[in-house]
Protein chains: 2
Amino acid sequence: MWFTIDFESEEAYYSQLCNQVILGIAMEQYKEGDTLPSVRQMAEMIGINMHTVNKAYSILKQEGYLKVDNRRGAVVSLDVDKLRAMQELQKSLSVLLAKCHCKNITRDEVHALIDEIYDNYGGED
Amino acid sequence: MWFTIDFESEEAYYSQLCNQVILGIAMEQYKEGDTLPSVRQMAEMIGINMHTVNKAYSILKQEGYLKVDNRRGAVVSLDVDKLRAMQELQKSLSVLLAKCHCKNITRDEVHALIDEIYDNYGGED
DNA sequence: CAATTGTGATAGTTCCATTATAACAGAGGT
DNA sequence: ACCTCTGTTATAATGGAACTATCACAATTG
């Protein structure tokens, strides 16, 4: 996986990194038990400060994507709290779909786009 | 429509207000040509500063939900740039659906949730 | 003229994001 | 034991965003 930070983006560096890790897990380039680069390695690799990487890893840990094993570093470990995830999904979608409706994007177009994106992630779900 | 600010939320006040206006338009409680409360009225009504309301209105204007008519105030005026809206939708969904996949939320569950939410907005779309 | 509209300038406060430097405990390799 | 690497914490400094406050101005309506 190739991690890169868009230094021109308005999105915070730690947020960009979080999202890329989640994308990597969803696309199964990182699987349960795999280790991510250490905070120092990752920091030097993508050109940001160690603490910014640490902040991203801390958030990912809290949200149930990683666990930390001293010496091994950050290990992909999925803690599935489906109920909470569904609640957050509903909240995000309510605003997102409101915008779609205002912009004349039909329900079917949203469904089609979702199928298209979901095909990039693991096989059968 | 009842506008309220959650002062305990991490979300910025201007962002909360933007989303509520968009929700109001999507649910057709505000229609093309309707006027929103003036920046001063709205500010006093929901208990925040005039300039924070102005910031929200400016963003909504730039994103094509309002136009500003001196003396009348903020008028709902939908400028549909569907191509841009689709691009932003795809970007938002790619991260959102990655999280769903990691949390074992199936494609069908996402489709069902979308139908449920979309039913709250205008009729036939 | 009076009142209200959006808008702009300026200033102050608070908080977040980011960087920098330093230090510490825990674990593996030699 | 010693060295090295891990995450983690503390502290400080900087820049910028969010929010508030006050004053002011051009434009429009009654």
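Order of the sequence lines sets the chain letters (A, B, ...), proteins ahead of strands, with each chain counted from 1.
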Fill in the blank from the handout: Contact check, residues 51-58 of chain B vs DNA chain D, heavy-atom distance under 4.0 Å, returns H51(B), T52(B), K55(B)
Problem - Same apolar cluster: V21(B) and I59(B), side chain cutoff 4.5 Å - result: no
Exercise for the section: State plainly whether one hydrophobic cluster holds both V68(B) and L66(B), where clusters connect Ile, Leu, Val, Met, Phe, Trp and Tyr through side-chain heavy atoms under 4.5 angstrom apart. Expected result: no
Handout entry: Charged tip of K103(B) within 45° of Y65(A) ring normal and under 6.0 Å
Key = yes
Please report, rounded to the nearest Å, how far the [atom2] atom of [N] is from the [atom1] atom of [X].
X      : N       : atom1 : atom2 : value
Q16(B) : dC19(D) : CD    : C1'   : 13 Å
L36(A) : dT6(D)  : CG    : P     : 13 Å
F7(B)  : dT20(D) : CZ    : P     : 8 Å
M42(A) : dG7(D)  : CE    : C1'   : 14 Å
E8(B)  : dC15(C) : CD    : P     : 13 Å
L66(A) : dT8(D)  : CG    : P     : 10 Å
Q62(A) : dG7(D)  : CD    : C1'   : 17 Å
E44(A) : dT19(C) : CD    : C1'   : 15 Å

Exercise for the section: Would you check if I46(B) and T4(B) make a side-chain contact, meaning some heavy-atom pair closer than 4.5 Å? Expected result: no
Remember a base hit wins even if backbone is also touched, and classify [X] as base, sugar-phosphate or nothing at under 4.0 Å, heavy atoms.
X      : result
Q41(B) : sugar-phosphate
K61(A) : sugar-phosphate
R72(A) : nothing

Tell me whether the OP1 or OP2 atom of [N] has a side-chain N or O from [X] closer than 4.0 Å.
X      : N       : value
Y14(A) : dT18(C) : no
N49(B) : dC19(D) : no
S38(A) : dT6(D)  : yes

Side chain of [X], heavy atoms from C-beta onward: which of [options] has the nearest atom to it?
X      : options                  : result
A12(A) : dA23(C), dT7(C), dA17(C) : dA17(C)
M50(B) : dT22(D), dA20(C), dG7(D) : dT22(D)
R40(A) : dG6(C), dT20(D), dT8(D)  : dT8(D)

Problem - Parallel, tilted or perpendicular: ring planes of H101(A) versus Y121(B), cut at 30 and 60 degrees - result: tilted
Handout entry: Whether Y30(B) and F3(B) hold their rings parallel, tilted or perpendicular, with breakpoints at 30° and 60°
Key = parallel
Practice task
Sequence neighbours left out, what pairs pass salt bridge (charged side-chain N to carboxylate O under 4.0 Å, His left out) with at least one residue falling in residues 55-68 of chain A?
Solution key: none
